[in-house]
Amino acid sequence: MNSIEASHAPDASGATPKQLDHIPNLRLSDGNEIPFLGYGLGTANFKRGDKSKFNEDVVAATVTALKAGYTHLDGAEAYGNEKELGTAIQTSGIPRSTLFITTKTSCRQGETIQQAFDRSLSNLSLDYVDLYLIHSPFFGSPLSSPEALQSAWAEMEAIKDSGRAKSIGVSNFLPHHLESILSTAKHPPVINQVEYHPYLQHEDDFVDFHRRHNIALAAYAPLTPITKAPGGPVDQVYERLANKYGVGEGEVGLRWVLDQGIVALTTSKREERLKGWLSKLPKFKLTPREVKEISEAGKGRHYRGFWNNRFEEGERR
């Protein structure tokens with residue numbers, strides 16, 4: 001990144017990324033930077049069944065993403081494919097220093113976060129990760145109390161201090177979970193990765209809460225209105241804007257996320273589609289009015305694709 005671009009790198013305040021000839025980075029509160037568009041190892045790449053069985057298809061799909069130009073790879077121990085991710089990185093021949101690698105821990109009962117982290121690094125065959133996340137502190141998890149969250153976060157801070165995780169954050173945390181951590185944190189979480197799309201914008205203060213505390217947001221499943229919940233109120237808006245800008249509806253859906261200053265995580269096994277996102281997204285921006293129009297249309301439907309067993313039907317937290 002050159003000095004001119006770096007001086008304009010948006011941060012967690014929600015500023016819209018400056019339009020460039022490529023997708024820029026977002027500056028995290030600890031000074032590190034994360035690419036605004038990431039390739040996710042969950043959903044289509046999630047390993048089901050026997051997770052000990054090595055999956056060459058996941059390696060191939062990830063190498064395709066790397067070769068297409070994706071430098072931000074988002075993994076998790078729970079996806080069961082950290083070894084495949086590590087192999088893909090080695091197979092690609094792309095220098096590790098040019099990549100941004102994320103993984104996550106689920107905080108298993110009776111195990112320290114340090115043990116989980118060591119196992120992840122071993123699976124990935126890496127000396128460090130760029131971002132390490134704790135995820136899913138819902139009822140019944142080892143992180144369901146404020147005291148447990150604070151203790152877990154102290155372990156995360158020790159890992160950051162060791163230098164083996166450049167940045168630390170969370171996933172699927174609600175504001176009250178974050179408040180528990182922030183009350184004792186030496187290194188506040190730099191990012192919260194959540195399901196986020198027009199049909200799940202969470203409660204009204206959700207995004208603003210993160211901006212007030214300088215915590216970036218990353219959106220997984222951002223294309224849910226297209227992939228899982230078609231036929232809803234944003235369809236016509238997406239179609240009209242896609243025609244206006246000469247792009248696909250998927251590009252409009254991703255641009256809606258990016259133009260709110262939120263990192264977008266998506267996946268595909270189709271090289272053409274992956275390359276299309278990288279080439280088309282920098283060529284247009286939605287106006288603030290268009291971003292708001294999609295947001296307002298999305299509020300006309302509620303759809304949660306993940307963790308439905310942890311929330312009441314229709315609950316938007």
Side-chain angles (χ1 to χ4, degrees), residues 28 30 32 34 38 40-43 45-55 58 62 72-90 96 99-174 177-178 180-181 184-194 215 218 220 265 306-307 310:
L28 300 168
D30 61 3
N32 294 322
I34 181 172
L41 272 290
T43 55
N45 291 308
F46 189 97
K47 191 185 292 183
R48 293 170 175 80
D50 183 2
K51 293 191 176 184
S52 66
K53 186 177 180 180
F54 194 83
N55 190 331
V58 173
T62 307
H72 174 188
L73 303 178
D74 182 80
E77 183 179 35
Y79 300 164
N81 53 27
E82 285 180 318
K83 290 184 178 179
E84 286 84 350
L85 172 54
T87 299
I89 293 168
Q90 294 175 342
R96 168 67 182 92
L99 302 177
F100 189 100
I101 309 300
T102 298
T103 195
K104 314 174 190 73
T105 176
S106 301
C107 296
R108 298 178 183 176
Q109 195 77 45
E111 177 179 77
T112 67
I113 291 178
Q114 183 67 59
Q115 289 171 322
F117 181 70
D118 289 343
R119 184 171 56 247
S120 285
L121 284 188
S122 176
N123 287 337
L124 291 164
S125 298
L126 296 176
D127 296 325
Y128 72 96
V129 294
D130 298 277
L131 180 62
Y132 192 49
L133 306 180
I134 302 178
H135 74 77
S136 309
F138 301 128
F139 294 110
S141 86
L143 301 179
S144 56
S145 73
E147 295 77 16
L149 282 169
Q150 291 165 0
S151 176
W153 193 250
E155 290 188 71
M156 294 287 285
E157 291 176 324
I159 290 171
K160 176 176 171 59
D161 286 339
S162 76
R164 297 200 296 160
K166 302 300 183 183
S167 297
I168 52 175
V170 298
S171 179
N172 297 318
F173 273 48
L174 301 176
H177 298 132
L178 287 165
S180 296
I181 288 176
T184 60
K186 178 177 65 174
H187 301 302
V190 299
I191 200 166
N192 186 11
Q193 185 184 125
V194 298
I215 300 171
Y220 66 80
L265 302 170
F306 299 87
W307 302 105
R310 302 293 186 176

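The main-chain N or O of F173 is found under 3.5 Å from a side-chain atom of N192 such that the two form a donor-acceptor pair. Judged purely by atom type and a 3.5 angstrom limit, E84 uses its side chain to pair as donor or acceptor with the backbone of N55. Using a distance-only test at 3.5 Å, with no hydrogens or angles considered, a donor-acceptor pair links the side chain of W153 to the main chain of H187. Judged by distance alone, the side chain of S151 and the main-chain N or O of E147 form no donor-acceptor pair under 3.5 Å.
Not counting sequence neighbours, the partners of T112 by the side chain to side chain contact (heavy atoms under 4.5 Å, CB included) test are Q114, Q115, E155.
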Yes or no on side chain to side chain contact (heavy atoms under 4.5 Å, CB included) for T105 and L133, after CA distance, side-chain angles and deciding distance? CA-CA 6 Å; T105 176; L133 306 180; over 6 Å; no
After noting the C-alpha distance and the side-chain angles of Y79 and K104, does the key distance pass the side chain to side chain donor-acceptor pair (under 3.5 Å) rule? CA-CA 9 Å; Y79 300 164; K104 314 174 190 73; 3.2 Å; yes
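Across I113 and A152, no two heavy atoms sit closer than the pair CD1-O, 3.4 Å. Nearest heavy-atom pair, S180 versus P146, reported as atom, atom and distance to 0.1 Å: OG-CB, 3.6 Å. Nearest heavy-atom pair across P189 and I215 is O-CG1, 3.5 Å. Closest non-hydrogen pair, L131 versus G169, comes out as CD1-N, 4.1 Å. S167 and K160 make their closest contact through CA-NZ, 4.3 Å (heavy atoms, listed as atom of the first residue, atom of the second, distance). Of all non-hydrogen atoms in M156 and Y132, the two that sit nearest each other are CE-O, 3.2 Å.
A heavy-atom distance below 4.5 Å is not found between the side chains of I191 and V170. In this structure the side chain of I89 reaches within 4.5 angstrom of the side chain of I101, judged on heavy atoms. The closest side-chain heavy-atom distance from N32 to V190 is not below 4.5 Å.
For the salt bridge (Lys or Arg N to Asp or Glu O under 4.0 Å) condition, the pairs that include at least one residue of residues 116-133, sequence neighbours left out, are E77-R119, R96-D130, E111-R119, D118-R164.
Checking S106 against H135 by side-chain atom types alone, a donor-acceptor pair falls below 3.5 Å.
Figure legend: K83 and F54 shown without cation-pi pairing, the cationic atom not lying both under 6.0 angstrom from the six-membered ring centre and within 45 degrees of its axis.
With L41 as reference, L85 is the one residue of L85, D74, T103, T102 to meet the side-chain contact (heavy atoms from CB on, under 4.5 Å) rule.
In this structure, CG in L73 is found 10.5 Å from CZ in F100, a value given to the nearest 0.5 Å.
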